[in-house]
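Since the structure is predicted, the reported quantities are computational estimates derived from the model, not experimental observations.
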2 protein chains.
Amino acid sequence: MPNGIPAEVKEAARIARALSHPARLQILNELRDGGAYVMHLTAVLGRPQANISQHLMVLREADLVTAEREGMTVIYHVRNPHVLDVVDQLLVLARERAEAHRMDDVMVGVEELDGLRGKRQRRRKGKCRCPRCREEG
Amino acid sequence: MPNGIPAEVKEAARIARALSHPARLQILNELRDGGAYVMHLTAVLGRPQANISQHLMVLREADLVTAEREGMTVIYHVRNPHVLDVVDQLLVLARERAEAHRMDDVMVGVEELDGLRGKRQRRRKGKCRCPRCREEG
DNA sequence: AAACTCTATTCGTGAATCGGAATAAGGTTG
DNA sequence: CAACCTTATTCCGATTCACGAATAGAGTTT
């Protein structure tokens, strides 16, 4: 092997790669307390189910999350809670950069597009029927 | 542009993306006390100068580092020291995963890893003639 | 069994990334 | 000026990524 890159550094880079998409950061955020069901993630993130599943696959292959079946549904957990520390640190960094640059640009107003895109598997935010959200109702 | 993703999450993902390459993690590691000259990075990482410069451009565009000319040379610094905390956390995670999977790969211990920050290790690979290494000769 | 629900995977395409080679650009020295 | 040193950029091919669409499992209900 030509490259003298320590295995740890390679692995750290792979982890960072798995964290390098907003949807995956949001997913990990949702897994904080007690994990989350896939249907919950699709409801909260407002993305198509297939897309959520694809991002979950990335997180699985990076060994950042675990998946267990519970009958018809699947619940995901973070494998090592330390990954949430990294997520937090990234968010801290992001906020500090925003403050430093006084960037008040926003990407809002996209919620309206939810109504326009009546696509197939897309679900609306806030209407989750996953076991956990159900028992809280 | 996807859904109503908070700006800070998008930014956090961009930062993670910038960290998602071993060379860039190594570069940031080398920038720990007092920054580093480009020629030093090329000597330590053992990569072509153009490649180092490309990775530095990625780090610059992510606002993670700053570059100042000093005559003929350029010295880079981390813009916000907190990014080094993220790097450390990523390395911790990587090591914990390695232990969990009982990799028989030869991995450096934490102690040695901390040693990467020392000046003594700077001359491990190739000879560097950057101003700092010169005055320490 | 069929029908249904929830999740995972495959496929195709456009975009982004990586790295080497070559070259350009900024700065110094003779 | 020319020659040189250090760093940045461009071009290009190969690889990987992201997403929608469609389809394929896995499990339940009727």
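- Checked against C:dT9, C:dT17, C:dT7, the side chain of A:M57 finds its nearest nucleotide in C:dT9.
- For the pair A:E99 and A:R95, the salt-bridge criterion is not met [side-chain N within less than 4.0 Å of a carboxylate O].
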Under 4.0 Å protein heavy-atom contacts per nucleotide of nucleotides 21-30 of chain C, with B for base, S for backbone only and - for none: BB---BBS--
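- The side chain of B:R129 contributes an N or O atom lying less than 4.0 Å from OP1 or OP2 of D:dT6.
- Rounding to whole angstrom units, CG of residue B:L56 and P of D:dT9 are separated by 11 Å.
- You'll find that the side chain of A:R60 is closest to C:dA8, out of D:dC17, C:dA8, D:dA8.
- Of the side-chain N and O atoms in B:R24, none sit less than 4.0 angstrom from OP1 or OP2 of C:dT17.
- Here B:I75 is tied into one hydrophobic group with B:Y37, B:M39, each link being a pair of ILVMFWY side chains closer than 4.5 Å.
- Residue whose closest nucleotide on DNA chain D sits further toward the 5' end, between B:S53 and A:H55: B:S53.
- Across every non-hydrogen atom of B:E8 and A:L91, the tightest pair is O-CD2, 3.9 Å.
- For the pair B:I52 CD1 and D:dC5 P, the interatomic distance rounds to 20 Å; values are reported in whole Å.
- Candidate nucleotides C:dA8, C:dG19, D:dT6 were compared by shortest atom distance to the side chain of A:V74, and C:dA8 ranks first.
- Distances were taken from every side-chain heavy atom of B:M39 (C-beta onward) to each of D:dT6, C:dG20, D:dC19; the shortest belongs to D:dT6.
- Residue B:R17 contributes atom CZ, which lies 15 Å from atom P of D:dT16 at whole-angstrom precision.
- What separates CD1 of A:I75 from P of C:dT7 is a distance of 10 Å, to the nearest Å.
- Atom pair A:E68:CD and D:dG27:P shows a separation of 14 Å (rounding to whole Å applied).
- Here the side chain of B:R97 pairs no donor or acceptor atom with the backbone of A:E11 at under 3.5 angstrom.
- Straight-line distance from the CG atom of A:N51 to the C1' atom of D:dA21: 12 Å, rounded to whole Å.
- Between the P atom of D:dA18 and the CG atom of A:L25 lies a distance of 12 Å, rounded to the nearest Å.
- Look at A:Y76 and you'll find a side-chain N or O under 4.0 angstrom from OP1 or OP2 of C:dA8.
- Here D:dA18 presents its C1' atom at 14 Å from CD of A:E61, a figure rounded to the nearest Å.
- In this structure, B:H77 contributes its side chain and B:V65 its backbone to no donor-acceptor pair below 3.5 Å.
- Of the charged side-chain nitrogens involved, at least one lies within less than 4.0 Å of a carboxylate oxygen, so that B:D88 and B:R32 count as a salt-bridged pair.
- Side chains of A:D85 and B:Q89: no donor on one and acceptor on the other come within 3.5 Å.
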